[in-house]
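Quick notes on the structure that follows.
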Amino acid sequence: FNPITNIEFNLPKSSFVELTIYNITGRKVRTLESADFAAGQYSVEWDGRDDRGNAMASGVYFYRLRAADFVATRKMTLLK
């Protein structure tokens, strides 16, 4: 993606959601969401910046989505 990507997910029931971005070495780059969500479909935007607002370098990043007892990790590539 360049410069923005959307991470979409669907919740079958209300739950606490944590959506976190990690770099290739496993270091946490940014927390996009950490809150209670009602059941439904969502799209969360990541602009390629860390928690401090610094632009991240091109490369491979991972996002981890946690909701109730569900956990998923997916890969994405930032190209500049």
Side-chain angles (χ1 to χ4, degrees):
F1 67 94
N2 179 13
I4 294 171
T5 189
N6 287 301
I7 301 167
E8 297 178 353
F9 58 96
N10 188 19
L11 296 175
K13 62 180 181 178
S14 296
S15 55
F16 182 81
V17 172
E18 191 171 66
L19 181 57
T20 310
I21 307 293
Y22 296 90
N23 67 13
I24 193 74
T25 64
R27 183 180 69 86
K28 184 175 81 166
V29 171
R30 186 164 180 188
T31 300
L32 296 177
E33 295 292 345
S34 184
D36 289 315
F37 280 73
Q41 193 167 2
Y42 296 92
S43 180
V44 177
E45 184 178 279
W46 183 44
D47 59 2
R49 296 184 178 278
D50 66 9
D51 278 333
R52 294 181 178 148
N54 300 315
M56 301 306 298
S58 294
V60 175
Y61 293 87
F62 297 89
Y63 71 83
R64 183 175 64 193
L65 174 67
R66 286 184 179 181
D69 55 356
F70 174 82
V71 179
T73 303
R74 301 287 184 265
K75 181 171 73 169
M76 54 190 165
T77 304
L78 173 60
L79 300 172
K80 292 191 175 184

Shortest non-hydrogen contact from Ser34 toward Phe16: OG-CZ, 3.4 Å
Nearest heavy atoms of Glu45 and Leu32, plus distance in Å: O-CD2, 4.0 Å
Anything under 3.5 Å between a donor and an acceptor, one on a side chain of residues 60-80, the other on a protein residue two or more places apart or in another chain? List them.
| from | atom 1 | to | atom 2 | distance (Å) |
| --- | --- | --- | --- | --- |
| Tyr61 | OH | Ala57 | O | 2.7 |
| Arg64 | NH2 | Tyr22 | OH | 2.7 |
| Lys80 | NZ | Met56 | O | 2.5 |

Residue list, salt bridge (Lys or Arg N to Asp or Glu O under 4.0 Å) with Asp47, at least two apart or on another chain: Arg30
From Leu19 atom CG to Phe37 atom CZ, the distance as rounded to the nearest 0.5 Å: 8.0 Å
Working for side-chain contact (heavy atoms from CB on, under 4.5 Å), residues Ile7 and Ile21: CA-CA 11 Å; Ile7 301 167; Ile21 307 293; 4.1 Å; yes
Side chains of Phe9 and Ser43 in contact at under 4.5 Å (non-hydrogen atoms): no
Minimum side-chain heavy-atom gap Val29-Asp51 below 4.5 Å: no
